[in-house]
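Notes follow once the structure below has been shown.
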Amino acid sequence: MNALTEVTRRHSVCPHDCPSVCALDVEVIGGKRIGRIHGAREQTYTSGVVCAKVARYWERIHHPDRLTQPFRRVGPKGSGQFEPIGWDEALDRVADNFLSVERELGPEGVWPYFYAGTMGLVMRDGIERLTHAKRYSRFHGTICVGVAWPGYVAGTGRLMGADPREMAKSDCVVIWGTNAVATQVNVMTHAIRARKERGAKIVAIDIYETETMRQADLALCVRPGTDGALACAVMHVLFRDGFADWGYLERYTDAPHELEAHVQARDPAWASAITGVSVAQIEELGALIGRSKRSFFRLGFGFSRQRNGAANMHAALCIPAVTGAWAHEGGGAFHNNSGVYKLQKTMIEGLDVRDLSVRRLDQSRVGAILTGEKEALKNGPPVRAMLIQNTNPLAVAPHQEKVRRGFSRDDLFTCVHEQFMTDTARYADIVLPATMFLEHDDLYTAGGHQHLQFAPKVVDPPDGCRSNHEVIAALAGRVGAEHPAFSMSPREIIDWTLRESGWGDLAKLERERWLDLQPPFEESHFLDGFGFPDGKFRFKADWTDAPVANDGMKGPWRAMPSLPDYWPVNEEVDEDHPFKLATSPARNFLNSSFTETATSRSREQRPEVLINPSDAAKLGVSQGDVVQLGNERGRTRLHARLFEGVKPGVLVSEGVWPPSAFLDGWGINVLVGDDSVAPHGGVAFHDVRVWARRL
Ligand code: SF4
């Protein structure tokens with residue numbers, strides 16, 4: 001073996017938008033190329049396991065289509081006609097346009113836009129520093145967490161929960177509204193350990209037969225958006241059959257007697273009619289949860305992507321409070337651990353120069369904002385210039401027709417800093433090539449566990465690529481933005497952040513790779529009180545109380561139920577729109593990432609819609625036929641896959657495929673609404689009524 005073929009192992013962290021945030025051991029070949037990526041065995045949540053798409057990351061980082069030089073658009077927007085230019089010229093053009101918009105409309109005419117293409121804090125959130133230093137329009141990130149988090153926090157008061165590794169010590173792991181096998185494989189690692197070592201039962205609740213459902217001991221397939229009804233019926237069974245822990249209820253919850261009376265009328269027969277789940281299965285679930293003091297509710301994001309999603313999340317969360325499962329190791333609930341890190345992010349985000357009077361624009365309403373809807377613009381000036389990092393709104397944002405119309409505006413200047421020529425990059429005026437996670441330093445928190453991790457740069461980027469931090473700092477100098485962190489390196493920013501947060505320093509974190517910040521048992525199980533002044537879990541949600549960051553009340557929040565319930569606010573099918581469509585994740589993609597890699601593409605094959613054979617027969621559709629789906633927002637064509645695992649009347653299309661992969665160039669999000677979901681905004685990606693016809 002010589003220096004060119006020598007394989008070394010380096011540490012890293014997966015940067016993708018996945019709760020697992022795996023600790024990685026990366027094979028580096030000859031100091032330059034990436035080989036196979038492994039899960040770190042010593043990190044107790046990753047536990048040696050990573051998903052296949054990241055294990056073969058060499059396909060992505062060494063992809064021949066990676067952007068490696070800046071481009072200037074020379075054809076119409078969306079045409080893909082660009083010519084190369086130098087970095088200085090590109091940055092000068094961006095800065096000139098931003099300054100010109102600022103002169104004409106004020107700084108709010110510029111809207112820096114980003115999301116979770118990388119979850120590294122410096123590279124993802126550094127753009128906020130530029131926003132705040134310049135008083136550009138602020139960014140409200142709602143597209144993923146906007147609905148789920150308020151639903152969870154409405155019950156617990158804090159965004160944290162039982163140690164997710166405790167799933168392995170549970171007697172009943174309820175995986176609710178997440179296809180963990182496809183989207184966060186590590187949940188299965190711990191759940192299956194509980195089954196092997198303790199004979200625990202795994203329950204999966206979802207809207208179609210996913211791989212996770214197939215691996216479960218009890219799988220309940222609900223109609224989309226009816227989880228609140230199922231939760232109420234389970235609580236009915238628990239109270240009725242003496243499984244409610246009254247000692248716990250009296251001590252730790254706000255209104256247990258009201259809840260008991262409330263769910264008395266919400267029995268399994270009532271829920272069965274709403275959810276489509278049999279009475280027998282609901283009874284079986286209630287009895288299983290009731291008998292298992294150590295029942296662990298792993299609550300995902302999927303079932304929150306409905307107009308009633310926050311109420312559904314809160315309803316499911318109420319169940320372990322009825323049984324008192326929170327009091328036991330291996331019991332309770334977990335959704336997200338963002339509340340445990342308590343990082344001081346002033347240097348990363350420029351919080352010291354933030355002006356809260358500057359308008360904050362909702363990410364999910366990008367189509368409405370760019371097409372000039374006054375309410376979405378908060379009655380302020382139009383957006384005339386954007387810098388986009390780590391996201392691909394032309395593929396992932398709702399109401400795609402509106403989004404595309406907005407990005408097509410001739411008077412909108414757009415700079416996209418990206419790794420590939422995405423759908424959004426095609427509409428840019430300037431495209432800048434970005435580094436990938438193995439090519440820069442960054443710091444990572446995790447939604448799905450509690451480790452704080454550092455990932456050092458492992459290899460040099462291709463010539464021409466620059467990191468998000470470098471671009472932000474270079475632009476700051478050109479537009480007159482001032483903040484000390486623009487002249488700090490990522491390592492210096494991380495070191496400062498760790499010290500100010502009380503988590504040691506970078507040297508310590510780099511030496512140890514990660515810090516396990518799991519709060520003590522009493523705290524994570526809320527035995528020292530839930531996050532409200534009276535310390536009690538709230539069965540009666542106060543939706544105006546907002547312990548997670550929000551931007552005011554949105555959607556029909558006044559009609560939200562306080563006690564857990566089925567809230568019928570979702571899009572209803574009718575004669576013209578007889579199907580409910582869900583846009584679920586694909587196993588080999590992660591949002592729009594990995595749609596460019598050959599293996600992921602070949603495994604997912606093509607955009608398809610899953611349709612029950614009885615519905616297919618009524619429509620005259622056979623396996624592989626082209627089907628058109630449509631509603632008042634738009635229409636798209638894709639191939640049909642007949643599948644018994646979806647209920648009649650329900651359609652599922654997996655994966656955020658690029659619009660160009662569809663037969664007429666419109667992605668699945670052309671059908672999804674961009675109305676704000678109650679109580680604080682977000683998108684109802686799985687709450688879409690459509691018609692379907694064979695073409
Ligand atoms: S995408 Fe998720 S499961 Fe896959 S390596 Fe990254 S964090 Fe782990």
Side-chain angles (χ1 to χ4, degrees), residues 19-20 47 49 51 162 164-224 226-227 229-231 233-234 237-238 268 271-272 275-304 312-313 315-317 319-320 323 325 330-335 448 582 584-587 610 643-647 650 652 654 686:
S20 288
S47 202
V49 178
C51 64
R165 293 167 296 192
E166 283 181 38
M167 279 184 281
K169 296 174 179 169
S170 175
D171 294 327
C172 173
V173 181
V174 182
I175 301 172
W176 197 319
T178 179
N179 182 5
V181 171
T183 62
Q184 42 176 333
V185 63
N186 310 79
V187 167
M188 299 309 293
T189 305
H190 299 282
I192 287 170
R193 189 173 296 162
R195 177 153 67 190
K196 273 195 189 144
E197 294 176 3
R198 320 170 44 84
K201 298 289 184 210
I202 297 176
V203 177
I205 300 168
D206 214 320
I207 59 167
Y208 70 114
E209 190 190 304
T210 62
E211 187 56 37
T212 308
M213 296 276 266
R214 281 192 279 275
Q215 293 194 21
D217 301 291
L218 176 61
L220 281 75
C221 185
V222 298
R223 290 197 186 104
T226 63
D227 306 76
L230 177 64
V234 167
V237 172
L238 296 172
S272 176
T275 61
V277 178
S278 70
V279 169
Q281 270 204 319
I282 298 172
E283 292 280 359
E284 186 181 355
L285 177 62
L288 178 60
I289 291 169
R291 284 196 308 270
S292 312
K293 271 295 175 197
R294 297 165 190 260
S295 52
F296 192 108
F297 288 74
R298 182 61 179 86
L299 304 173
F301 283 96
F303 77 119
S304 76
N312 290 338
M313 172 67 80
L317 178 67
I319 298 173
T323 61
F334 181 85
H335 170 59
S584 302
R587 183 170 187 164
L610 308 182
F643 182 50
E644 294 277 3
V646 284
K647 285 181 178 295
V650 177
V652 174
E654 293 183 332
H686 305 333

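If you're wondering where the values come from, they're calculated on a predicted model, not measured in any experiment.
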Nearest heavy atoms of [X] and [Y], plus distance in Å:
{"X": "G331", "Y": "A162", "result": "O-CB, 3.7 Å"}
{"X": "E283", "Y": "P268", "result": "OE2-CG, 3.4 Å"}
{"X": "V185", "Y": "C51", "result": "CG1-N, 4.1 Å"}
{"X": "A271", "Y": "I282", "result": "CB-CD1, 3.9 Å"}
{"X": "A333", "Y": "L299", "result": "CB-CD1, 4.4 Å"}
{"X": "G286", "Y": "L238", "result": "O-CD2, 3.5 Å"}

Under 4.5 Å between any side-chain heavy atoms of [X] and [Y], yes or no?
{"X": "F303", "Y": "M313", "answer": "yes"}
{"X": "D206", "Y": "V222", "answer": "no"}
{"X": "E654", "Y": "Y208", "answer": "yes"}
{"X": "S292", "Y": "K201", "answer": "no"}
{"X": "V181", "Y": "R214", "answer": "no"}
{"X": "D227", "Y": "W176", "answer": "yes"}
{"X": "I205", "Y": "L230", "answer": "yes"}
{"X": "Q215", "Y": "I202", "answer": "no"}

Would you say the side-chain atoms of S170 pair up with the backbone N or O of R294, donor to acceptor, closer than 3.5 Å?
yes
With a 3.5 Å distance limit and no angle check, can you tell me whether S278 reaches the backbone of Q281 through a side-chain donor-acceptor pair?
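Such a contact is found between S278 side chain and Q281 backbone.
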Atom [atom1] of [X] and atom [atom2] of [Y]: how far apart are they, to the nearest 0.5 Å?
{"X": "K169", "Y": "R193", "atom1": "NZ", "atom2": "CZ", "value": "10.0 Å"}
{"X": "I207", "Y": "M213", "atom1": "CD1", "atom2": "CE", "value": "9.5 Å"}
{"X": "E209", "Y": "N179", "atom1": "CD", "atom2": "CG", "value": "11.0 Å"}
{"X": "L285", "Y": "C172", "atom1": "CG", "atom2": "SG", "value": "7.0 Å"}
{"X": "R195", "Y": "M167", "atom1": "CZ", "atom2": "CE", "value": "13.5 Å"}

Taking I175 as the fixed residue, which of T210, T212, V203 is the one that meets the side-chain contact (heavy atoms from CB on, under 4.5 Å) rule?
T212
Donor-acceptor pair between Q184 and R298 side chains, under 3.5 angstrom:
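A donor-acceptor contact under 3.5 Å links the two side chains.
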Check: F297 ring centroid to H335 ring centroid under 6.0 Å:
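Judged by ring-centre distance (under 6.0 Å), F297 and H335 do not meet the cut-off.
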Using salt bridge (Lys or Arg N to Asp or Glu O under 4.0 Å), reason through D171 and K293 one step at a time and then give a plain yes or no.
CA-CA 8 Å; D171 294 327; K293 271 295 175 197; over 6 Å; no
